[in-house]
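In each ligand, atom 1 is the first atom listed, and ligand 1 is the first ligand listed. Since the structure is predicted, the reported quantities are computational estimates derived from the model, not experimental observations.
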Amino acid sequence: MDATREVRQRAMVGWYDPRVLMQSAYQVAIANIFGRHSDTRLIEALASQPQAEFDYSSMEAAPDGDFWLDYVADTGDGWNSTYAIADALAHPVLELDHHGTKETLKPGKVLVFGGDEVYPYPTRNEYDSRTEGPYRHAFAGRAHPDVFAIPGNHDWYDSLVAFSRTFCRPERGFAGCRTQQSRSYFALKLPHDWWLAAIDLQLGADLDEPQVQYFKSVAARMDPAARLILCVPEPRWILEDAYPRHSSYDEQSSTAYLEEQVFKRKAQVFLTGDLHFYKRHENAAGIQKITSGGGGAFLHPTHAPKTQELRNGFKQRAAYPDEKTSLMLSWRNFLFPFINPKAGWLYAFLYTMSAWLASSRLEAADVIDLPTALAAAINAGIRDPLNGMWLFMIIAGFIFFTDTHVRSWRFFGGAMHAAMHLTAAFFVGWWALLLTDQVLDMTYGSTVQLVLSGVITLVLGAIVGCFILGIYLFVSVALLGRHSNEAFSSLRIQDFKEWVRIRIDARGVLTIWAIAIDRVPRKWKPAQRHGQATFDADDKRATAPRLIDRVEVR
Ligand SMILES: [Fe+2]
């Protein structure tokens with residue numbers, strides 16, 4: 001049987017699918033409870049053999065003296081986006097235009113995954129079908145790089161079990177590539193005294209002691225003149241600006257500690273993913289802080305929050321997609337019910353329950369008069385403890401959902417959002433009662449009338465609730481610069497993908513290219529490459545990889 005037929009070409013994750021929401025909430029809760037109290041990094045460090053740095057400093061493998069490395073983060077969402085990037089980075093040669101001149105780029109001898117290797121939560125099957133499967137077919141019949149990976153928050157949701165199985169078992173390999181690490185962090189010795197250190201910060205926690213000891217022993221073997229590339233799981237330089245009161249986004253607590261106390265030098269280049277776009281920040285000393293999370297996951301906005309100037313003199317030098325495009329994409333939230341139809345179940349339940357409880361004290365004579373019906377609904381909420389508890393839970397839920405770093409805004413915004421839905425639920429329920437009682441002339445309170453009213457509320461609640469959420473998300477991300485995650489995960493945008501390619505040349509100059517695919521293919525056809533099963537793009541509207549940024553570090 002043709003191996004390509006066994007491949008599941010997965011769709012983008014539906015983040016507002018109630019099943020995904022419930023599973024994610026469960027996984028996050030468990031990970032936060034157990035992850036923080038029984039640190040897998042410590043168990044890994046005890047159970048595995050000591051790990052040294054991995055040496056790629058010899059130039060023997062590259063006759064022209066160039067060493068190539070690929071960095072890709074936030075992979076393993078839909079097939080189209082993940083495979084498009086995997087296929088492009090595995091291509092034997094890329095000819096890219098740089099201000100009118102062609103540059104020839106070669107695939108990395110090493111491929112570094114920068115975190116969030118799978119979505120929505122890590123299981124053996126999800127890693128296999130969303131990440132390893134696409135990469136196996138992309139590398140089929142082509143050169144295989146050595147693979148290294150650090151976990152992001154999504155990899156940690158099962159306390160690193162599936163991540164360790166996928167990347168930290170050298171005898172197993174990944175997608176036919178060699179893996180060597182036995183821990184969730186590593187260091188690479190690269191040519192010309194460049195070093196790459198990749199750290200694991202668990203779920204926003206700090207560095208564990210064995211990890212600190214590992215990097216201290218690596219640092220002891222570094223030449224005083226050695227230069228450092230530091231891979232971190234999240235761009236705290238952006239997050240600490242956006243959420244100044246959030247203590248776990250404090251960059252001083254982890255990376256600055258590593259620079260000052262462990263490596264005793266400043267990193268020249270920082271690489272991270274976590275936010276699904278490309279941004280490069282630079283300071284006057286030429287230090288680069290690169291966020292490159294475009295390996296497959298849904299797009300994040302580049303216009304919100306504003307990141308033109310960060311703390312400590314870092315300025316934005318590149319952003320992809322540009323802010324105008326990002327802002328335009330926000331408007332798609334008006335299509336929320338069509339992009340996220342399964343979210344309708346959530347609002348159908350919420351609206352029907354609210355309308356049911358609100359109408360519990362409504363008599364036949366009250367239905368026709370809006371002020372009386374409204375007074376009866378409010379009265380029910382105040383006098384009936386069950387009704388009051390329901391309202392409290394709804395309002396608390398929306399307050400919890402609100403994205404802001406100011407507590408008073410969280411309460412105000414959450415309460416307003418809840419009030420919009422509860423008001424809409426009242427009107428939907430009231431209108432359903434009016435329709436069945438007055439227009440269809442059913443007997444008020446009869447089983448048939450109540451069931452039909454319930455069904456109407458269920459259907460309308462799903463549509464109206466989704467529209468209100470879409471409007472709320474649009475206003476938040478387009479006007480207030482908030483909910484960048486929720487207002488773009490809702491759009492499930494598989495396009496605007498990118499990754500970073502690095503070359504250390506014979507003179508020791510480090511060149512960084514950011515390569516993007518504006519529109520990924522929607523269709524693929526099975527193909528053979530050197531006798532191995534793979535897929536080729538079969539979509540004329542798809543765009544070729546193009547250069548979006550380039551910087552040299554000397
Ligand atoms: Fe991510």
Side-chain angles (χ1 to χ4, degrees), residues 10-16 20-21 23-25 27-28 31-32 35 71-82 84-86 112-123 126-127 130-131 134-135 149-158 160 162-163 166-167 184 198-204 231-239 242-243 248-249 270-279 289-302 304-305 307 319-321 326 403 477 483-500 514 516 520:
R10 305 289 297 269
M12 297 294 277
V13 172
W15 291 100
Y16 287 85
V20 174
L21 279 176
Q23 266 283 1
S24 301
Q27 296 253 355
V28 172
N32 272 298
Y71 174 90
V72 61
D74 303 87
T75 51
D77 196 332
W79 168 276
N80 292 341
S81 51
T82 304
I85 289 295
V112 174
F113 285 108
D116 281 359
E117 273 76 65
V118 75
Y119 294 91
Y121 27 79
T123 66
E126 295 288 24
Y127 271 108
R130 292 190 185 273
T131 314
Y135 275 86
I150 52 167
N153 54 327
H154 286 267
D155 305 285
W156 260 102
Y157 289 157
D158 71 340
L160 226 55
F163 173 91
T166 309
F167 296 104
S184 55
I199 65 170
D200 174 9
L201 288 176
Q202 207 215 38
L203 290 163
C231 294
V232 294
E234 57 189 11
R236 292 190 173 178
W237 50 91
I238 290 177
L239 297 170
Y243 298 94
S248 61
Y249 292 150
F270 289 83
L271 284 174
T272 193
D274 191 50
L275 297 179
H276 310 158
F277 51 55
Y278 177 81
K279 280 187 182 181
K289 292 192 170 178
I290 293 172
T291 310
S292 168
F298 67 87
L299 180 71
H300 272 137
T302 51
T307 54
Y320 173 82
S326 170
D403 175 37
V477 79
H483 278 296
S484 57
N485 193 43
E486 293 78 17
F488 266 63
S489 63
S490 60
L491 306 180
R492 303 168 73 186
I493 296 172
Q494 54 188 337
D495 294 319
F496 305 103
K497 289 291 147 294
E498 55 73 37
W499 89 99
V500 159
V520 302

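If you run ring-ring contact (aromatic ring centres under 6.0 Å, His included) between H154 and each of Y119, Y127, F113, only Y119 comes through.
Panel detail: the Fe ion (ligand 1) has protein N, O or S atoms under 2.8 Å away, 4 in number.
Partners of D495 under the salt bridge (Lys or Arg N to Asp or Glu O under 4.0 Å) rule, at least two apart in sequence or in another chain, are R522.
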For this session: Apply ring pair (Phe, Tyr, Trp, His ring centres under 6.0 Å) to the pair F277 and F488, showing each step before the final yes or no.
Result: CA-CA 11 Å; F277 51 55; F488 266 63; 9.7 Å; no

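Between G273 and P235, the shortest heavy-atom distance links the atoms O-CD, 3.4 Å. Closest non-hydrogen pair, P122 versus D158, comes out as CG-OD1, 3.4 Å. Of all non-hydrogen atoms in I238 and T291, the two that sit nearest each other are CD1-OG1, 3.7 Å.
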